Amino acid sequence: MKFTRRHFLKNSLFLGGALLLSPISPHAGQRKEIRWIPAYEKLEMEGKLVQRIKQAYAIFENCHLCPRRCGVNRQRGEKGFCRAPVKPVIFSHHPHFGEEMSLVGEKGSGTIFFSNCNLRCVFCQNWPISHEGRGKEIGDEELADMMLHLQKMGCHNINLVTPTHVMPNILCAIRTALKKGLHIPLVYNTSGYERFEVLKLLDGIVDIYLPDMKYMDAEKAAKYSAGACDYPEVTRKAIVEMHRQVGVLKLDKQGIAIRGVIIRHLVMPNRVAGTEKLVKWVAETLPKSTYVNIMAQYRVEYKAYDHPEIARGITAQEFLEAVDLAEKYGLINLDPQSVALRNFYRHRRSN
Ligand code: SF4
């Protein structure tokens, strides 16, 4: 075949293009690592965050932020079941080292504890904060500064504890903080008692959902969480939506969580939490690789003493059974600390 000038130019262009796209490009060593971008920053770049804030704030006028749907006008100072004012009340904000390892890393999870709660369980460990609303009322600007302060301290994320009733304030603060340089993942640390329709507003804002799944039985939910008999149904729907938005948990190269769902399930005495039903439901509804933290730290708190069924700590046997059930139903991404604790109890029993 005759090799013409045209062939030469064509082959040269092809080779040049290939070198530019090739992983062994001579410039590969100088290539900048792509910065991870939080969900809320992407939404702001698309020009959609401001609209979401407006939509969220409108809900305050006839509050239906959560499944209690009180219908009060919080903008005018009316209070509903959660007793929360329109401004957020903060109990504390600090790096927290008691969360899942992938949230804590080396520098801690940047936790902000919001006072008041829309669920109000009789066994609540934070009852002075959630039931009595102890804390300081602040503005959205100050909330933004708290987020930036936590980031400056090196925290790996902003962990919003009990955020449901102050979601509009959070969105507003996030936008302000973003403009001042916030760039770490947002963790929505919730009781799970969330309206599916309201969660839609958080699509593209939250990076990590951290919902509880407390009960699978309507009667138990009503008895121990102030009449919330719809908790199992509502929370199942909410978790499916959370999973649709962010998927299974993803970690960065350092093992720090950047996106996804972590389900927390507190084992309760006398199988009150319905662990078997819960792990079966997760295994049948979500990927088997869904991160599930089976928690052993139930303790008798607040008004739990008045209910004989839950007026004791859990036994080692109850915890062993719960983790074993999760494995039996095929869940493959259990919290490593829960698994280690289960193994410890097993080892102790066999000796
Ligand atoms: S957030 Fe509070 S006021 Fe609003 S619906 Fe829920 S419990 Fe009622």
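As the structure lists them, so they are numbered: ligands from 1, and atoms in each ligand from 1. Remember, it's a predicted structure, so these values are computed and weren't measured experimentally.
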Original post:
Can you list every pair that meets salt bridge (charged side-chain N to carboxylate O under 4.0 Å, His left out) and has a residue in residues 331-351, with sequence neighbours left out?
Top reply: Asp324-Arg342, Asp324-Arg346, Glu327-Arg342

Original post:
Do Tyr345 and Gln317 have a side chain donor and acceptor closer than 3.5 Å?
Top reply: no

**OP:** May I ask you to list the protein N, O or S atoms found at less than 2.8 Å from atom 8 (Fe) of ligand 1?
**Re:** Cys70 SG

**OP:** Tell me, yes or no, whether the heavy-atom count around Lys48 atom NZ, taken from other residues, nucleotides or ligands under 6.0 Å, exceeds 12.
**Re:** no

Original post:
Does a side chain donor of either Tyr57 or Asn169 reach within less than 3.5 Å of an acceptor in the other side chain?
Top reply: yes

**OP:** Measure the distances from the heavy atoms of Arg74 to every atom of ligand 1 and state whether one is below 4.0 angstrom.
**Re:** yes

For residues 236-243, run the donor-acceptor check on the side chains, cut-off 3.5 Å, and write out each pair with its distance to 0.1 Å, sequence neighbours left out.
residue : atom : partner : partner atom : Å
Glu241  : OE1  : Arg244  : NE           : 2.9
Glu241  : OE2  : Arg244  : NH2          : 2.8
Glu241  : OE2  : Gln245  : NE2          : 2.8

**OP:** Could you tell me which residues satisfy side chain to side chain contact (heavy atoms under 4.5 Å, CB included) with Asp230, sequence neighbours excluded, listed by chain and number?
**Re:** Pro67, Tyr193, Ala228, Val234

